[in-house]
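Working notes for the structure below.
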Amino acid sequence: MHSEDDYNRWIEGRMDEAERIAFERTLADSEKDDAEVWSRLKPRLAVPDATLPNADFLNHRVAEAIAAPPAPRLPEWLRPSRLAWAGATCLILATLTSAWLLPGVFQPLPESEFLSKVLETEARADVSAYAFRAPNSRGVVIWTVGTEFIPLEEKVQ
Amino acid sequence: MDEHGSPEKEWLERSRRGDTHAFDQIVTAYRSAVFARIVQIVRNPDDAHDLAQDTFVRAWKSLAKFDGRHAFSSWLLRIATNAAIDHCRRMHHRASEEWDEQSPSADSRTTPAASPRPDTQADEPEIRRRIEQAIGELSPDQRAVLLLREVEGLSYEEIAAELSCSMGTVMSRLFHARKKMQLLLKDLRDAL
């Protein structure tokens, strides 16, 4: 039995001389074996009556199929482009609303009030303050240890 | 007028513009050829009728893709052939599934079925039945190549173009299809 590749190589002349001769010999042998049986079998392969029954009915069915209304379209508002625009608009509105509302919600406390709140809690957070003076300015560094114990609502500050 | 003396080009132009009446003329002109091509492959007139309808509907939807480089009839018959092969694949797949469900062993699939006793001469209907059975045992691709070659009389090159494969593939499938047919009909050798 030969593979598709053998046939392709034979057709395309990619076999060497010895291989080609051997291949053609097996083909010839096969043809010789088959010829008699095949000549008797071949006429019987066709479907005896291949005439189209109800020919006009076929025209009718084709005409019906191609004239059928196309599949119902999505409502206008469900079209992907519209949905994308609606999504983008909602996102912008949500961003603007947040930007307007959130600063009021998280209004930072005055520094003194914040420090006293931290100290009033039982968080045992150690707070150290270091004052420093630079040639043109002054500053205070507040160092807190144990902030993990500070209540959540204060931590936001 | 085209080479067949029918105003095919005009029908095609009008069909492309959505004229269903013009397309009806095309259906009338090619319905017999399309049906004959399909029925030889699927071997069942009812299925072939449905597939002929599908072929024309597919052609209608794809008219814009027909570039006119080849004859319209070749293009249409190619659609028909592929529709028939797809159908055979579906049937083959379904038959395999049913076989797997029903039979504990699939080893005996290529054994010629229902062989008549040597002392009984198979009559013509029996021979026909056995031939159909043997054709049904071929893979859809082997079946298509065998019938396009032996019944439709297409050249290797034409078959390769229709099935979008190489000539080597066509020859190999044909070789194996013939061998398998002969194996399956071995016991009918004298009755043929």
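In the text below, chain A, chain B and the rest are named by the order of the sequence lines, each starting its count at 1. As the structure is a prediction and not an experimental result, all values here were calculated from the model.
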> Of the listed residues (A:A55, A:P48, A:P53, A:P43), which shares the most heavy-atom pairs with chain B below a 4.5 Å separation?
Replying inline: A:A55
> Parallel, tilted or perpendicular: which describes the rings of B:W75 and B:F66, with under 30° parallel and over 60° perpendicular?
Replying inline: tilted
> What part of A:D56 lies closer than 4.5 angstrom to a heavy atom of chain B: side chain, backbone, both or neither?
Replying inline: both
> Should the pair B:R37-B:E152 be classified as a salt bridge under the 4.0 Å nitrogen-to-oxygen rule?
Replying inline: yes
> Got a salt bridge between B:E132 and B:R129, using NZ or NE/NH1/NH2 to carboxylate O under 4.0 Å?
Replying inline: no
> Of the backbone (N, CA, C, O) and the side chain (C-beta and beyond), which part of A:L45 lies under 4.5 Å from a heavy atom of chain B, both, or neither?
Replying inline: both
> In terms of heavy-atom pairs under 4.5 Å, which option from B:M181, B:R31, B:R173, B:R43 contacts chain A the most?
Replying inline: B:R31
> Charged N to carboxylate O below 4.0 Å: is that the case for B:R14 and B:E10?
Replying inline: yes
>> Quick check on A:D5 against chain B: is it the side chain, the backbone, both or neither that has a heavy atom closer than 4.5 Å?
In response: neither
> Is any side-chain heavy atom of B:H87 less than 4.5 Å from a side-chain heavy atom of B:I38?
Replying inline: no
> Which of the residues A:N59, A:I11, A:V62, A:L58 is involved in the greatest number of heavy-atom pairs with chain B at under 4.5 angstrom?
Replying inline: A:N59
> Given that the side chain runs from C-beta out, which part of B:R128 has a heavy atom under 4.5 Å from chain A: side chain, backbone, both or neither?
Replying inline: side chain
> Going by atom types alone, do B:R78 and B:H70 pair a side-chain donor with an acceptor below 3.5 Å?
Replying inline: no
> Are B:C88 and B:V42 side-chain neighbours, meaning at least one heavy-atom pair lies under 4.5 Å?
Replying inline: yes
>> Can you tell me which portion of B:D50 sits under 4.5 Å from chain A's heavy atoms? Options are side chain, backbone, both or neither.
In response: both
>> Taking every non-hydrogen pair under 4.5 Å, which of B:M167, B:M171, B:H21, B:K61 racks up the most with chain A?
In response: B:M171
> What part of B:L146 lies closer than 4.5 angstrom to a heavy atom of chain A: side chain, backbone, both or neither?
Replying inline: side chain
